[in-house]
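Owing to the predicted nature of the structure, the values given are computational and were not obtained by experimental measurement. Worth knowing before you read on, the calculation uses all heavy atoms, side chains too, and leaves out hydrogens, waters and symmetry mates.
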Amino acid sequence: MASVGRGAQAPARWQLIACGLALLASCLLAASAGAFVSNLPPLFSAALTLDPAARLPAPTRYLYRGIHTTVMPGIEAPLRTRLEARVPAALGDVLAFYRTELGKLGWQEQQDVAVVSADHARLAFVSPIGPAALELDRKEGSTAVQLVQKNAQAATRANVLPDPGQAKLVFSNIGENEAVLTINQRTIPRPAGANAVALDLVPGTYTYGLAVPGRPARTNMLAVAAGDSWELTVGRDGEAWPPLQLY
């Protein structure tokens with residue numbers, strides 16, 4: 001019969017001492033590792049930094065960013081500049097970023113009209129060149145940004161600056177036939193190629209109609225706020241263009 005050896009075994013008391021030393025070593029290693037990790041800097045900072053290349057203040061981190069300007073022939077500066085962006089950060093962080101950066105540029109926040117909640121913020125400012133507004137909305141884990149700045153001097157030169165507390169509507173017809181605008185119980189015909197005409201409106205929502213010979217009449221809605229200027233245009237083909245906010 002063959003016999004199988006089990007190898008040498010240490011006495012029981014030495015086994016207990018060895019286990020104790022191993023346990024102590026593992027505890028010291030875990031404590032050391034924990035202290036090391038806690039002192040590591042975060043891989044990604046939550047702070048938002050200003051992008052010096054942006055036309056209007058914007059963070060360097062974004063999912064989307066676009067700039068839109070409204071210009072008039074013969075006037076170099078835009079009447080209105082709008083920044084749209086989506087920033088992968090909490091609304092509170094984006095709001096703090098803009099309050100800091102806009103303040104550095106001399107934008108004065110109108111705190112009496114500020115609206116701030118967990119998922120929405122709307123702020124009004126007076127910038128060095130005209131009124132401005134910031135709107136933030138929390139959506140799908142990011143913050144949507146809309147920042148608008150108006151240029152009062154450019155709007156004055158273009159003759160589209162509204163009177164205080166009023167809105168202005170500019171009607172243009174660049175088509176080959178007469179076009180007729182009906183709004184606020186007024187009927188305004190404009191011959192082909194005639195200069196644009198401007199109307200003063202009380203802030204509110206209006207139903208308007210545009211009629212061009214040979215085309216079906218169009219009826220639509222337009223909401224105007226105090227200080228805003230809009231344009232309605234009939235194109236060369238006789239089609240009415242969507243309303244455009246000039247200022």
Common cluster, Leu105/Leu95, ILVMFWY with side-chain heavy-atom separation under 4.5 Å: yes
Identify all side-chain donor-acceptor contacts of residues 192-206 below 3.5 Å with residues at least two apart in sequence or on another chain.
from, atom 1, to, atom 2, distance (Å)
Asp200, OD1, Lys168, NZ, 2.9
Tyr206, OH, Val202, N, 3.3
Tyr206, OH, Val202, O, 2.5

Residue pairs involving residues 67-83 (criterion salt bridge (Lys or Arg N to Asp or Glu O under 4.0 Å); sequence neighbours excluded): Arg82-Glu84
Least distance between heavy atoms, Pro191 atom then Asn173 atom: O-ND2, 3.4 Å
Any residue meeting side chain to side chain contact (heavy atoms under 4.5 Å, CB included) with Ile129, in chain and number order, not counting sequence neighbours: Ser127, Gln149, Asn151
ILVMFWY cluster membership beyond Val148 - transitive side-chain contacts under 4.5 angstrom: none
Contacts table for residues 175-183: side-chain donor-acceptor under 3.5 angstrom, sequence neighbours left out:
none

Residues forming a side chain to side chain contact (heavy atoms under 4.5 Å, CB included) with Ala114, sequence neighbours excluded: Glu109, Leu123
Shortest non-hydrogen contact between Leu246 and Val170, atoms and distance: CD1-CG2, 4.0 Å
Leu161 CG to Lys150 NZ distance, which is reported to the nearest 0.5 Å: 9.5 Å
Side chain to side chain donor-acceptor pair (under 3.5 Å) partners for Arg122, two or more places apart: Glu135
With Arg55 via side chain to side chain contact (heavy atoms under 4.5 Å, CB included) - residues at least two apart: Ile67, Thr69, Pro78
Any side-chain heavy-atom pair of Pro189 and Phe171 under 4.5 Å: no
Contact check, side chains of Val145 and Val94, non-hydrogen atoms, under 4.5 Å: yes
Over all atoms of both residues, closest heavy-atom pair of Ala155 and Tyr247: CB-CD1, 3.5 Å
Partner residues of Trp230 under the ring-ring contact (aromatic ring centres under 6.0 Å, His included) criterion, sequence neighbours left out: none
For Pro88 against Ser142, the heavy-atom pair lying closest together: CA-CB, 4.2 Å
Sidechain-backbone polar pair: Arg86 side chain, Lys139 backbone, donor-acceptor under 3.5 Å: yes
Atom pair CD1 (Ile174) and OG (Ser172), whose distance is rounded to the nearest 0.5 Å: 8.0 Å
In one Ile/Leu/Val/Met/Phe/Trp/Tyr side-chain cluster, 4.5 Å: Leu244, Met72: yes
SB check Asp51 Arg61 (cutoff 4.0 Å): no
Straight-line distance of Thr60 OG1 to Leu50 CG, nearest 0.5 Å: 8.5 Å
4.5 Å side-chain heavy-atom contact, Gln245 and His68: no
Could you list the donor-acceptor pairs under 3.5 angstrom formed by side chains in residues 208-217, with sequence neighbours left out?
from, atom 1, to, atom 2, distance (Å)
Arg215, NE, Asp237, O, 3.0
Arg215, NH1, Glu239, OE2, 2.6
Arg215, NH2, Asp237, O, 2.7

Between CG on residue Leu79 and CZ on residue Arg157, distance to nearest 0.5 Å: 10.0 Å
Side chain proximity check, Pro128 to Trp107, heavy atoms < 4.5 angstrom: yes
Approximate separation, where rounding is to 0.5 Å, of Leu136 CG and Phe97 CZ: 11.0 Å
Distance in Å, Leu102 CG paired with Leu147 CG, rounded so as to fall on 0.5 Å steps: 6.0 Å
Gln146 atom CD, over 12 foreign heavy atoms within 6.0 Å: yes
Shortest non-hydrogen contact from Pro57 toward Leu83: O-CD2, 3.4 Å
Under 4.5 Å side-chain linkage, directly or through intermediates, the cluster mates of Val115: none
Minimum side-chain heavy-atom gap Phe125-Leu134 below 4.5 Å: yes
Any donor-acceptor N/O pair, Ser229 side chain to Val160 backbone, under 3.5 Å: yes
Non-neighbouring partners of Gln108 that pass side chain to side chain contact (heavy atoms under 4.5 Å, CB included), sequence neighbours left out: Gln110
Within-4.5 Å side-chain heavy-atom neighbours: Leu222 and Thr207: no
Polar side-chain atom of Thr143 near backbone of Ala89 as donor-acceptor pair, under 3.5 Å: yes
Working for side-chain contact (heavy atoms from CB on, under 4.5 Å), residues Arg218 and Asn220: CA-CA 7 Å; Arg218 299 292 181 89; Asn220 214 326; over 6 Å; no
